[in-house]
Amino acid sequence: MKSLLVFDFDHTIVDGNSDTWVVRCTPKKKLPDWLRKKYDGKHWNEYMQSVLSYIGDQGIKEPEIKQVMESIPYCSGMVDLLKFICQNKDKVDCLIISDSNTVFVNWILEFTNRRLAFDSILTNPATFDERGYLRIKNFHSHCCPQCPDNLCKRKALNDFVAAQQKVGVQYKKIIYTGDGANDLCPIESLEESDVAMVRKGYKLEKLINEMVEIDSCHMRPFIVIWSSGEEILSYLKTYLT
């Protein structure tokens, strides 16, 4: 029976935020104040559509955006980790759940030939329209009060696992790797046999520490703190070999 590796994308696989990295393709490599002020702290997908429309209004086309996105760096050790995953596909399935979009994630992975490490990518669908503007849609709808309107990673993960079970695939362990606040919801749904790989110094670690200290709650999955892909790789080598 295989294990399921689940990865966030921004600040986990790549060492940056793909949604903010794209701003580097604008003439001043930053957004005007009026546009930055449009973000209300809640509806990120809607805000990003405004950003992408602004980029289109500047006459910036797909090849220029792609070139900028391909320059985003991977986290230290992550390339070697993905190579290891490719070499052990008989033991693991690998999944991305990200609040980025299909165009950005696929561009970045394909540029470095890392797409084959992943069996599925669950993120907001995106396409270029007839004017050459990048348009994004919500990944799904859900009723989770903890997550943004466009994506609940817990629901995305549970739906994927349920779909796999329908075709006869079951997982003995889920190993979830992430860094951000939106990774807490799926981690809370994990079992004691599962593992949460939490990036050191980022929001997810802070939230988990607060839950444990203030509420005296017990996180069911085993928690591993990581700072680099090498540490994740070391854990996987011990577990899988």
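For reference, positions follow the sequence shown, starting with 1.
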Is the side chain of [X] donor-acceptor paired with the backbone N or O of [Y] at a distance under 3.5 Å, no angle test?
{"X": "Asp93", "Y": "Leu4", "answer": "no"}
{"X": "Trp44", "Y": "Pro148", "answer": "no"}
{"X": "Asn124", "Y": "Asp99", "answer": "yes"}
{"X": "Thr123", "Y": "Ser100", "answer": "yes"}
{"X": "His11", "Y": "Cys75", "answer": "no"}
{"X": "His140", "Y": "Cys152", "answer": "yes"}
{"X": "Glu231", "Y": "Ser227", "answer": "yes"}

What distance do [X] atom [atom1] and [Y] atom [atom2] have between them, rounded to the nearest 0.5 Å?
{"X": "Arg154", "Y": "Ile97", "atom1": "CZ", "atom2": "CD1", "result": "12.0 Å"}
{"X": "Met197", "Y": "Phe222", "atom1": "CE", "atom2": "CZ", "result": "9.0 Å"}
{"X": "Leu207", "Y": "Leu184", "atom1": "CG", "atom2": "CG", "result": "5.5 Å"}
{"X": "Phe7", "Y": "Ile96", "atom1": "CZ", "atom2": "CD1", "result": "8.5 Å"}
{"X": "Asp90", "Y": "Lys2", "atom1": "CG", "atom2": "NZ", "result": "7.5 Å"}
{"X": "Tyr235", "Y": "Trp226", "atom1": "OH", "atom2": "CH2", "result": "15.0 Å"}

Other residues, nucleotides, ligands: >12 heavy atoms within 6.0 Å of Gln67 CD |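 No - once you tally the heavy atoms of other residues, nucleotides and ligands closer than 6.0 Å, there are 12 at most.
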
Working for side-chain hydrogen bond (donor to acceptor under 3.5 Å, both in side chains), residues Tyr74 and Thr112 | CA-CA 10 Å; Tyr74 282 76; Thr112 53; 2.5 Å; yes

Decide yes or no for [X] and [Y]: does some side-chain heavy atom of the first lie under 4.5 Å from some side-chain heavy atom of the second?
{"X": "Leu35", "Y": "Ser50", "result": "yes"}
{"X": "Asp80", "Y": "Glu230", "result": "no"}
{"X": "Val23", "Y": "Ile55", "result": "no"}
{"X": "Ser3", "Y": "Tyr171", "result": "no"}
{"X": "Val195", "Y": "Tyr239", "result": "no"}
{"X": "Val103", "Y": "Thr127", "result": "no"}
{"X": "Ile121", "Y": "Thr102", "result": "no"}

Does the distance from a Lys or Arg side-chain N to an Asp or Glu carboxylate O, for [X] and [Y], drop under 4.0 Å?
{"X": "Asp15", "Y": "Arg199", "value": "yes"}
{"X": "Arg135", "Y": "Asp129", "value": "yes"}
{"X": "Arg115", "Y": "Glu110", "value": "no"}
{"X": "Lys153", "Y": "Asp183", "value": "yes"}
{"X": "Lys89", "Y": "Asp119", "value": "yes"}

Residue of the set Lys172, Lys173, Arg220 for which salt bridge (charged side-chain N to carboxylate O under 4.0 Å, His left out) holds with Glu191 = Arg220

Membership question, hydrophobic clusters at under 4.5 Å side-chain separation (ILVMFWY): are [Y] and [X] in the same one?
{"X": "Met1", "Y": "Val169", "answer": "no"}
{"X": "Leu233", "Y": "Leu109", "answer": "yes"}
{"X": "Tyr202", "Y": "Ile208", "answer": "no"}

Test applied, side-chain hydrogen bond (donor to acceptor under 3.5 Å, both in side chains); reference residue, Asn45; option that passes from Asn138, Asn101, Asp19 |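 In the set Asn138, Asn101, Asp19, the residue that makes a side-chain hydrogen bond (donor to acceptor under 3.5 Å, both in side chains) with Asn45 is Asn138.
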
If you take all heavy atoms of Leu151 and Phe139, which pair is closest and at what distance?
->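 That closest heavy-atom pairing would be CD1-CD2, 3.6 Å.
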
Kindly indicate, with the supporting measurements, whether the criterion side-chain contact (heavy atoms from CB on, under 4.5 Å) is fulfilled by Ile136 and Met48.
-> CA-CA 8 Å; Ile136 53 176; Met48 274 308 300; 3.8 Å; yes

Tell me, with the steps shown, if Tyr133 and Asp57 meet side-chain hydrogen bond (donor to acceptor under 3.5 Å, both in side chains).
-> CA-CA 8 Å; Tyr133 284 48; Asp57 290 342; 2.6 Å; yes

